[in-house]
Structure formats: structure tokens, C-alpha cells
> 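Dumping the structure here so I can ask a few things about it.
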There are 2 protein chains.
Amino acid sequence: MNTGQQLAISDRLPRGSVNLSADEKSVIIVDQTELPNRFVEIALSTESEMVEAIYQLRVRGAPAIGIMAAYSLFILAGNIKTADISLFLSQLAKHAAALNASRPTAVNLSFALSKMMNAANKCENVGAALHALKETCYAIHAEDITMCRAIAGHGLTLLKAGDGVITHCNAGPLATSQYGTALGPILLAKEQGIEIKVFADETRPLLQGARLTCCELQRSGVDVTLICDSMAASVMRQGKISACMVGCDRVAANGDTANKIGTYSLAITAKYFGIPFYVLGPTSTIDMNCKTGDEIVIEERPATEIWQKWYSEPMAPAETQCFNPAFDITDHFLISAIVTERGILHPPFKESIAGLNL
Amino acid sequence: MNTGQQLAISDRLPRGSVNLSADEKSVIIVDQTELPNRFVEIALSTESEMVEAIYQLRVRGAPAIGIMAAYSLFILAGNIKTADISLFLSQLAKHAAALNASRPTAVNLSFALSKMMNAANKCENVGAALHALKETCYAIHAEDITMCRAIAGHGLTLLKAGDGVITHCNAGPLATSQYGTALGPILLAKEQGIEIKVFADETRPLLQGARLTCCELQRSGVDVTLICDSMAASVMRQGKISACMVGCDRVAANGDTANKIGTYSLAITAKYFGIPFYVLGPTSTIDMNCKTGDEIVIEERPATEIWQKWYSEPMAPAETQCFNPAFDITDHFLISAIVTERGILHPPFKESIAGLNL
């Protein structure tokens with residue numbers, strides 16, 4: 001919260017994919033399901049709208065979900081009609097639980113909501129609680145910007161001009177705020193005139209790589225080439241890749257990492273070719289309560305996302321059974337380094353993560 | 001050709017995705033781009049229609065393309081208006097070259113066309129050449145049926161009841177005739193009451209797994225689960241896969257195998273988990289002229305197949321640059337066995353392939 005305290009509460013944060021409305025009655029998000037064809041901002045003011053936006057991935061990216069959930073809880077708090085602090089806190093906790101249940105895998109969601117609840121729980125009256133909630137949600141957002149910039153800086157030390165980087169899903173500004181995590185070093189390199197060539201996995205089934213990463217990198221003038229997820233091995237075989245950089249949704253205490261489905265395959269392929277595989281994310285993504293990746297709950301999503309969504313007509317027989325996990329777990333021994341705002345963690349991760357004293 | 005000679009030339013072959021029309025003026029194919037939503041058969045009678053059908057994947061699957069090209073060349077031969085055998089053969093060779101240029105990677109196309117040209121080249125007059133071409137194209141088709149059945153039988157020895165098999169792209173009846181190659185053991189198992197659970201990679205960008213393999217397996221009552229290509233690692237991690245079975249478009253003399261893009265990733269992932277990886281195809285897919293996979297030409301296809309085709313609206317900014325190889329090369333040392341109509345080849349493949357005396 002220290003970074004947040006340096007800002008006046010009413011300071012408007014730089015625009016990202018998530019912001020509080022001027023009247024503080026709604027959270028405004030860039031609806032990421034409309035990209036790349038339409039830039040649509042939507043204002044969410046009820047719990048059901050907020051939960052739907054998270055579940056449908058209108059807002060996505062572990063850090064962005066955390067920021068959005070924090071703003072959402074502040075807005076919902078303002079609608080609780082009671083002056084009784086106990087009643088207020090119990091209703092607030094129900095809202096937090098509903099938001100938290102919208103997606104299970106990314107830890108940032110529950111981390112941000114816990115921070116908000118802790119801030120409110122310390123207060124003796126509703127007015128103070130509302131003030132604390134407001135401070136906290138702005139602080140979470142400000143902190144994310146600071147952390148992403150720090151991650152970008154540390155990550156950039158792993159790259160040099162002319163490198164080819166492959167990335168999966170989208171861990172750029174839309175998924176966070178400003179620099180992003182996995183895309184941070186690349187965007188920072190571009191600012192500094194260092195050319196990095198990026199290969200973006202399209203990231204089936206929801207195509208965040210094609211729809212979002214390509215948009216963000218093109219807008220920034222980065223040389224980006226779109227590939228299907230299954231083409232990474234061919235690109236690596238051609239010697240075009242110096243490093244993989246991906247974000248993360250939850251990192252276990254031993255370094256096992258939950259990230260968008262397909263990350264695991266990419267890491268296995270990188271290992272086969274001896275290409276370093278870097279995970280980038282804030283230390284808030286590390287969940288010391290999960291000893292290993294086996295303890296991380298993997299969200300399964302509807303079959304129709306695979307054979308129906310986006311398409312002009314169904315791409316499989318209607319009765320097709322599917323397995324559609326939204327995330328996978330990358331074994332810690334496939335990961336070369338974890339880049340956090342506090343620096344670069346090296347294997348053995350159990351020790352380097354423990355050293356953070358989270 | 002011995003299998004073909006057992007059939008009267010006019011015998012109608014069992015229906016598959018490719019057949020000669022009753023009047024022998026056109027080749028009739030199931031338009032595979034219309035599946036799974038519409039079963040459409042189209043009749044092709046001109047060279048440009050035939051080339052377009054191959055390039056656009058209306059007919060696809062290395063063996064099916066070979067059969068279709070053979071029938072096509074016979075039809076085009078019938079349209080050559082000359083009684084001069086030299087002129088006839090030179091015009092025939094031009095048709096063969098045009099058909100052969102439609103797709104570069106699968107060897108069956110050029111193999112079938114060479115067989116046809118060799119048959120015609122032995123003849124002393126146009127009538128005899130037309131007769132030889134007719135015999136040869138029917139024989140190629142009949143031979144494929146026999147070979148697929150043999151491959152299915154050999155492949156089935158590698159499976160047992162309750163096994164989980166992952167397959168990529170489509171190497172079933174649509175891609176060949178009757179049993180298919182990679183799907184042969186599974187369809188044969190089903191006939192024999194042996195239950196195999198199949199996971200079908202959707203196979204981006206052209207979705208042959210979702211559109212074709214799921215259709216074929218469901219129709220046959222096989223338990224099939226559709227996954228995105230990038231989910232194979234998650235399914236393997238869960239212990240659900242006993243073997244991978246894929247087809248092939250060209251096998252080099254050392255066992256390196258060209259197959260649909262994504263096969264290489266799947267093989268690398270299978271190796272990581274210690275799961276056997278089987279390539280199934282007729283010996284006609286082995287190209288002794290290619291010492292290693294590095295000599296196999298990989299077809300690159302339009303970028304729009306990745307971000308536009310099938311979708312109701314574009315899934316990446318219009319100016320997005322893409323890399324879209326249609327095939328990849330799986331290193332021979334990732335392959336556990338190559339299943340042919342003549343039996344199962346084991347490593348070292350350079351020796352076992354040489355032993356075939358192709």
C-alpha cells in the first residue's frame with residue numbers, strides 16, 4: 001500500500017483496461033471480448049454484472065481481475081444501506097465471496113479481495129470502512145502499475161537486441177495496467193529502441209494472443225508474428241526463438257505455475273530445444289498456501305468455447321464431448337526464472353521463493 | 001498393383017471420400033471443407049477444378065489426395081484429343097505436373113501420379129494407355145483399402161482395451177479409404193468390441209480434428225473427446241493417454257516424419273511423459289529420396305487461415321503478419337514405431353526402413 005499512499009485518493013490513475021468511473025458508482029472496463037474489432041468500454045455497477053464480466057472474460061488477466069474486483073467491492077460497498085458496521089461487513093463479505101467465486105484459478109482475485117476485506121474489517125464505522133476501501137482499491141491499482149514497470153525492467157535484463165521471444169495468451173497492458181507482465185520487457189525494450197521480434201501464440205480457445213497481444217504489440221510498433229499454438233515447435237526448430245516469456249495466474253511455493261492453457265506445452269517444447277522459459281508476474285501471484293501445482297484448482301469451461309464460440313457455424317458435431325481446462329500447470333523444473341517486481345528468482349524456486357518471506 | 005488386378009476394372013469400389021463417377025467423366029469427392037455441417041459431394045471434371053479442390057483441402061489426407069489425383073489424371077486423359085501417343089503422353093505429363101504442383105508436402109500425390117505416368121508410358125497407342133490408366137487408378141484405390149486394413153491390424157496389436165489414444169488432424173476414412181491410417185486401429189478395435197477412448201486434437205488452423213475426426217469417430221460409436229491442440233499436455237499429465245497415433249504425409253529414409261502442423265509438438269510432449277508415439281501410414285509414404293526431414297518441403301499457407309477463415313469476424317488486426325506452415329517434421333528419435341501395411345517398423349528406422357527395400 002505504500003505506493004498508493006503517495007497518490008491522493010482522488011487522483012485519476014493512468015488509463016488501462018480497468019478504471020473507476022468519475023462518479024465512483026461503476027467500474028469501467030475495456031470489454032476484451034470485443035477486441036480486436038471494436039473498442040468498447042462498459043460500466044459495471046451491480047454484482048451480477050461484475051461477476052458476469054469476469055466469468056465471460058470481458059475483463060481478464062490475473063492482475064486486471066484483481067484491480068477490477070477491488071474497485072467492484074468498493075462500488076458495492078457504497079450501495080450497502082446500513083450504518084451498522086457489523087451488518088455492513090457481513091454484507092460486504094457476501095459480495096466479496098460472490099466476486100471471488102467467479103473464477104477459481106488466478107490468485108490475484110482473492111488476494112485483492114482479501115486486502116479489501118482486511119482494510120474494511122479494521123474500521124469501527126461504515127464511513128471509515130468506505131474510506132479505507134477507496135484507499136485500498138486505488139492503492140492496488142497504483143501498486144500494479146509500479147510492479148509491472150519493475151517486472152519489465154528486471155525482465156529486460158534477460159533480453160538483448162535482435163532476440164526472438166515467444167509469448168502465450170496475453171500478459172500485456174490489457175491484462176494488467178500499463179506495461180503488463182510478460183509483455184513488459186518487450187514494450188520497455190521498444191521504448192528504449194531495442195528491437196525484439198515477438199511470436200504470439202494465438203492461444204486457443206479464446207484467442208487472447210491473436211485478439212489482444214497482436215493488437216497491443218502492433219499499436220506499440222513491435223514486430224509481431226502470429227502463429228497457432230501448435231506451431232511453436234516449428235518456429236523454435238528454425239532457431240528463431242531466444243526466450244519464452246509468459247505471465248502467470250498462480251505460482252505455488254515450489255515454483256509450479258498455473259497459467260493459460262497451452263503454457264505447459266510451450267514450456268515442454270522450450271525445454272526440448274534448450275530455450276529459456278521465463279514466467280513474469282508480481283509476487284502477489286505467489287500463493288504460499290499451495291505447496292505444489294497439484295493443489296491449484298483448474299477452472300474447466302464450457303465445451304462450446306472450443307467448437308462454437310467465434311465461429312460462423314459449428315466446427316464439430318453438436319453432441320461432441322470436450323475437455324476445456326482454462327489453465328494448466330507448468331512444472332517448476334521447466335521454468336528457467338520467475339521475474340517479479342522484487343527481482344529475478346532462480347531455481348531452486350522452493351528456496352528462492354521462501355527467501356521472499358511473503 | 002496385385003490387389004487391383006483381383007478386381008474387375010468396372011467394379012465399383014466401396015464408397016469413401018473419393019470415387020470415380022459412373023460415367024467415368026469426373027471424380028466425385030466429399031467436400032471436406034463443408035463438414036461437419038453439410039455432407040456435400042462434388043464432381044470435378046477439369047484440371048483447374050481438381051487443383052483447386054486439392055489446394056483448398058476439399059479433398060485432403062495424403063492417401064486420399066493420391067487416389068483423387070490418379071482418378072483425375074485418368075479423366076483428363078480421356079479429354080486429350082489426339083491419336084498420337086507421343087503427343088498424348090506429353091499432354092498427360094502436363095496435367096500430371098499441374099496436379100502435382102497443387103500441394104508440395106505429401107509424397108502420395110507424386111507417387112500416385114508417377115505410377116499413372118509409368119503405366120501410360122509403357123503403352124504403344126492411346127487406347128492401350130487409357131486402358132492402363134483406368135486399371136492403375138482403380139488399383140491405387142483398391143490397394144489403399146487393402147493397405148489401410150493391414151495397417152489397422154498391425155496398429156491394433158499396440159493397443160489394449162481401455163487404452164486412451166490421442167490423435168492429431170484426421171487420418172481416418174475421409175483421408176484415405178475405409179479404415180484410414182491412424183484411426184484404423186481404433187475403428188478396427190470398435191468392430192471387435194475393444195473400447196478405446198480417443199482424444200482428438202482440434203488441429204488448428206483448419207480444424208480437421210474437430211470437423212472430421214470427431215465426426216468419423218462419433219459415427220462409429222467410438223468414445224471421443226475433443227481438445228484444443230495445446231491441451232494435450234494436460235490430458236497426458238492426468239494419465240489418460242497410453243499412446244499417440246498419427247498419420248503421415250512423407251517419411252524420410254531416416255524416419256523423420258512430415259505430418260500436419262502440431263504433430264511435432266505432440267511428439268515432444270509425448271516424449272516428455274514417456275508415452276509411445278506411433279506414426280501410421282502405407283510404405284508409399286516413405287520417400288527414400290529424402291535422407292532426412294530437412295529435405296522435405298514444407299508448404300506455407302495464407303495468413304488468413306489463422307485469423308479469418310471460419311470466423312464470423314476477424315480474430316486479429318487485418319495487417320497481422322503470420323507464419324502458417326501446413327506441416328512440421330517430427331524427429332525420428334521421437335517416434336516409437338512406424339506402422340505400415342507390411343508390419344511395424346522399430347528404431348533405428350534408418351535400418352528398418354532400408355530393410356523394406358523400397
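First the proteins, then the strands, lettered A, B, ... as listed; each starts at 1.
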> Looking only at heavy atoms and a cut-off of under 4.5 Å, which of Asp229(B), Ile329(B), Ile298(B) has the most pairs with chain A?
Ile329(B)

> With only heavy atoms counted, which part of Arg219(B) is less than 4.5 Å from chain A, the side chain, the backbone, both or neither?
neither

> Is Lys197(A) atom NZ crowded by more than 12 heavy atoms from other residues, nucleotides or ligands, each under 6.0 Å away?
yes

> Looking at Met236(B), Arg211(B), Lys271(B), which has the largest count of heavy-atom pairs under 4.5 Å with chain A?
Arg211(B)

> Among Gly209(B), Pro314(B), Ala303(B), who wins on heavy-atom pairs under 4.5 Å with chain A?
Pro314(B)

> Of all the heavy-atom pairs spanning Phe323(A) and Val235(B), show the shortest one and how long it is.
CD2-CG2, 3.6 Å

> In terms of ring plane angle, is the pair Tyr272(A) and Tyr264(B) parallel, tilted or perpendicular, where the classes change at 30° and 60°?
perpendicular

> Counting heavy-atom pairs under 4.5 Å with chain A, which one of Cys214(B), Pro317(B), Pro325(B) comes out on top?
Pro317(B)

> What option among Ala200(B), Cys215(B), Cys228(B), Pro205(B) has the most heavy-atom pairs under 4.5 Å with chain A?
Cys228(B)

> Check whether more than 12 heavy atoms from other residues, nucleotides or ligands sit under 6.0 Å from atom NZ of Lys350(B), and answer yes or no.
no

> Highest number of heavy-atom pairs under 4.5 Å with chain B: which of Val224(A), Thr263(A), Thr269(A), Leu266(A)?
Val224(A)

> In terms of heavy-atom pairs under 4.5 Å, which option from Ala232(A), Ser234(A), Ala318(A) contacts chain B the most?
Ser234(A)

> Quick one: what part of Gln238(B) sits under 4.5 Å from any heavy atom of chain A, side chain, backbone, both or neither?
side chain

> Would you mind checking which part of Asp223(B) comes under 4.5 Å of any heavy atom in chain A, side chain (CB onward), backbone (N, CA, C, O), both or neither?
both

> With side chain to side chain contact (heavy atoms under 4.5 Å, CB included) as the criterion, how do Asp294(A) and Arg237(B) come out once you've worked through the C-alpha distance, each side chain's angles and the decisive distance to 0.1 Å?
CA-CA 11 Å; Asp294(A) 291 336; Arg237(B) 188 189 174 102; 3.4 Å; yes

> Evaluate Met231(B) against Ile306(A) for side chain to side chain contact (heavy atoms under 4.5 Å, CB included), listing each step before the verdict.
CA-CA 11 Å; Met231(B) 295 169 185; Ile306(A) 294 185; 4.1 Å; yes

> Between Glu313(A) and chain B, which part of the residue has a heavy atom less than 4.5 Å away: side chain, backbone, both or neither?
both

> Can you tell which part of Leu334(A) gets under 4.5 Å to a heavy atom of chain B, answering side chain, backbone, both or neither?
side chain

> Say you draw a straight line from CE of Met315(B) to CG of Leu212(A); how long is it, rounded to the nearest 0.5 Å?
10.5 Å

> Working to the nearest 0.5 angstrom, can you tell me the gap between Arg204(B) CZ and Arg204(A) CZ?
5.5 Å

> Would you say Ser312(B)'s side chain and Trp310(A)'s backbone share a donor-acceptor pair under 3.5 angstrom?
yes

> When heavy-atom pairs shorter than 4.5 Å are enumerated against chain B, which of Ser265(A), Pro36(A), Gly262(A) gives the highest number?
Pro36(A)

> Looking at chain A, which one of Leu35(B), Asn324(B), Leu207(B), Leu226(B) has the largest number of heavy-atom pairs inside 4.5 Å, strictly under?
Leu226(B)

> Test side chain to side chain contact (heavy atoms under 4.5 Å, CB included) on Ile268(A) and Phe273(B); report intermediate values, then the result.
CA-CA 10 Å; Ile268(A) 291 168; Phe273(B) 287 101; 3.9 Å; yes

> Below 4.5 Å from any heavy atom of chain A, which atoms of Asn37(B) appear? Answer side chain, backbone, both or neither.
side chain

